[in-house]
Student: 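Pasting a structure below so you can have a look.
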Protein chains: 2
Amino acid sequence: MDKQTVTIYDVAREASVSMATVSRVVNGNANVKPATRKKVLDVIEKLDYRPNAVARGLASKKTTTVGVIVPDVTNMYFASLARGIDDVATMYKYNIILTNSDSNSEKEIKVLNTLLSKQVDGIVFMGNEITDKLREEFKRTKTPIVLAGSVDDEGTDPSVNIDYVAAVQEEVKNLIDRGNKRVAFVCGPLNQSINGKYRLKGYKQALKSAGIPYDDKLVFETDDTYKTGTLLQPALMAVNATAAMVTDDELAAGIMNGMSDADISVPNDFEVITSNDTKLTEMVRPKMSSITQPLYDIGAVAMRLLTKLMNNEPVEEKNVLLPYGLMKRESTK
Amino acid sequence: MDKQTVTIYDVAREASVSMATVSRVVNGNANVKPATRKKVLDVIEKLDYRPNAVARGLASKKTTTVGVIVPDVTNMYFASLARGIDDVATMYKYNIILTNSDSNSEKEIKVLNTLLSKQVDGIVFMGNEITDKLREEFKRTKTPIVLAGSVDDEGTDPSVNIDYVAAVQEEVKNLIDRGNKRVAFVCGPLNQSINGKYRLKGYKQALKSAGIPYDDKLVFETDDTYKTGTLLQPALMAVNATAAMVTDDELAAGIMNGMSDADISVPNDFEVITSNDTKLTEMVRPKMSSITQPLYDIGAVAMRLLTKLMNNEPVEEKNVLLPYGLMKRESTK
DNA sequence: GATTTACTTGAAAACGTTTTCAATTTGCTG
DNA sequence: CAGCAAATTGAAAACGTTTTCAAGTAAATC
């Protein structure tokens, strides 16, 4: 049934050398006489030999595979990061095992463990809340893990992010400077520290610098979905908000469409700023003003960082902050 | 450095049984006395033993990993399929190695081979053009491969799709019935058979049934991007088209926005129908009328089909067509 | 209670590589 | 051309499981 599997031993026999020598030429080891190398290469070609990566992994304890845990690839934000990760992974000869966690802590722990049992050489984790249990699992393994676009309060794990506090603070400040006295903060679950600790902090700081008292009626905790966004207009009006800082693009698109459907003009009657800078910002009308973040790069840099960790190379800074920007489009004045 | 790796041998010793017995309990083999099972389980717990999937893969020749080749996860269409694939993969205890091919034939062949060298148990392939070279590679391996949302002219490989011909024909017929004499067909690369052979065929058939002569000036071959869509309005007007059947949602969104920006009202002055039914159809204004296809399910069914193939189970139909629908939203009258 | 039959177990051989260590060649030096 | 260092090679032991086969043990039959 599978007699077509050619092994290193077959090649060795056919080329009348030892397995060791074949292994050397396959791995590009320099210590082999050119003539021998050619002979082996010819046989490899002739037999159509392909090294078995599993056996290789067992013998060398390296699988050239990394695990990627992501809440949901279907979300453009994470899809962009994943793409960045895969591209540099490919560049460094790694493959990625991609798993969706739905931000479910149990699932995260479960897939983390299957990933580890599969002996991945490293893991890049994207997730919004790192529970104690999860952090413990992280600590238990010696497999390097880096967080991408995901904050960890403790800062103990390597990570790649932007400065969420500063970005939100700056955008909210702009909103206030433009005359908005009541700026809503519409976010995903607050128990996710990226929202509850970082972005909210930026929001509060902006308020404070402007001498505006914090009013928790202006904070809307949602599930980050488009649908929810479309339903938010009445509540937003009820608290007299004239602008909103939103933490997710789909959510923001929902809000904008909800406003339009209620004949509230964006940006004239209501301004909205979003956070993730996915291509959705440009597709929606009016185009959404946004914090810009180098999504692809966050993934790419995270993966690059991981390669260093996997090779025990020194890393200058294990918590890297990439630059963000502010892009004015049409949903703000 | 890695003395923390507990092997099956360690638990065997600690539980005073043989490796074989430990292997049996780990694999849920029924032939082990309950008392022994418990003893082993306790030791496993105590030692925090985790089976090494690589060794397992080598010994059993099964990796419980499948390869997924996708043009670009960043495209919502493929992201949705990928999500469906991952979910049922998880359900059947598989993991997926996800690779982006950018629809580049060389890359596709390359990743196919690395996937095979990694001994994946199966592959689900998404790609728009199956070159002869690629088809040959497919044939060379005994690893099962199924196509998801991707047509193969030869129909030799298992696949899961919708009936693209019929869907397009039906939508174009509707457009014509509503009085559009000049319906444009805006698509991605025509050398991709899903466009050049299937969808275009549906378009032509609809024309024919309505007694309208085919005019290739109405066919716009593009690169499927949003950006390109935004630029298409002048060309569309130049050929007096009053409606367009578009093969990609981002492309369609671009066209619609391009129209709006030129003060052409959709759907009053120009109707557009799109094909992929991603969530973008609902986010854009006006919402896009679309062929609906069960994206998630295409992925899910493809993966389910693959599990059967991997287990040598009989499959009733290897080329499955899932039902499509027509969803009228706001971009058509 | 002697056989048979059905369960449980263990020993050891795969699985296909990498890697260590020693042996063998080869190439230089003087 | 002896003597030694450097370059090439090969033998065999890992790597951590699964799996086959035979042996041992408990249960069932008459």
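In what follows, chains are A, B, ... by sequence order, proteins preceding strands, each numbered from 1. Values below: all heavy atoms of this structure, side chains included; hydrogens, waters and symmetry mates excluded.
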Student: Give the rounded distance in Å between these two atoms: CE of B:Met19 and P of C:dG10.
Tutor: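 Atom CE in B:Met19 sits about 12 Å away from atom P in C:dG10.
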Student: So does B:Glu45 have more than 12 non-hydrogen atoms from other groups sitting under 6.0 Å from CD?
Tutor: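 No, because the 6.0 Å sphere around CD of B:Glu45 holds 12 heavy atoms or fewer from other groups.
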Student: Start at the 5' end of DNA chain C and walk down; is the nucleotide closest to B:Leu58 or to B:Arg24 reached first?
Tutor: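 By nearest-heavy-atom nucleotide position, the 5'-most residue is B:Arg24.
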Student: Would A:Arg140 and A:Glu137 pass as an ion pair if we require N to O under 4.0 Å?
Tutor: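 Counted as a salt bridge, because a side-chain N and a carboxylate O are separated by less than 4.0 Å.
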Student: Does anything in residues 41-51 of chain B come within less than 4.0 Å of DNA chain C? Heavy atoms only, and list the residues if so.
Tutor: none
Student: Does B:Lys318 NZ have over 12 foreign heavy atoms under 6.0 Å away?
Tutor: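 Yes, enclosed.
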Student: With a non-hydrogen cut-off below 4.0 angstrom, is A:Ser23 in contact with a base, only sugar-phosphate, or nothing?
Tutor: base
Student: What's B:Val17 touching, base or sugar-phosphate or nothing? Going by heavy atoms closer than 4.0 Å.
Tutor: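 Sugar-phosphate: the residue B:Val17, judged by heavy atoms under 4.0 Å, touches backbone atoms but no base.
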Student: Closer than 4.0 angstrom, basic N to acidic O: yes or no for B:Asp10 and B:Arg13?
Tutor: yes
Student: Taking for each residue the nucleotide of DNA chain C with the nearest heavy atom, is it B:Ala55 or B:Asn31 whose nucleotide lies nearer the 5' end?
Tutor: B:Asn31
Student: Would you indicate whether the side-chain heavy atoms of A:Asn95 and B:Lys118 approach each other to under 4.5 Å?
Tutor: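 The answer is yes; the side chains approach within 4.5 Å.
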Student: With a strict under 4.0 Å distance from non-hydrogen atoms of chain B, what nucleotide opens and what nucleotide closes the contacted stretch of DNA chain D, reading 5' to 3'?
Tutor: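 The footprint of chain B covers D:dG16 to D:dT20.
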Student: Evaluate whether atom NZ of B:Lys107 has more than 12 neighbouring non-hydrogen atoms of other residues, nucleotides or ligands under 6.0 angstrom away.
Tutor: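 Yes, NZ of B:Lys107 has more than 12 neighbouring heavy atoms, counting only those of other groups under 6.0 Å.
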Student: Count the heavy atoms belonging to other residues, nucleotides or ligands that lie under 6.0 Å from CD of A:Glu136, then report whether that count exceeds 12.
Tutor: no
Student: Report all side-chain donor-acceptor pairs from residues 299-311 of chain B shorter than 3.5 Å, counting only partners two or more places apart or in another chain.
Tutor:
unit_1   : atom_1 : unit_2   : atom_2 : d
B:Arg304 : NE     : B:Tyr92  : OH     : 2.8
B:Arg304 : NH1    : B:Thr307 : OG1    : 2.6
B:Thr307 : OG1    : B:Arg304 : O      : 2.5
B:Asn311 : ND2    : B:Thr307 : O      : 3.2

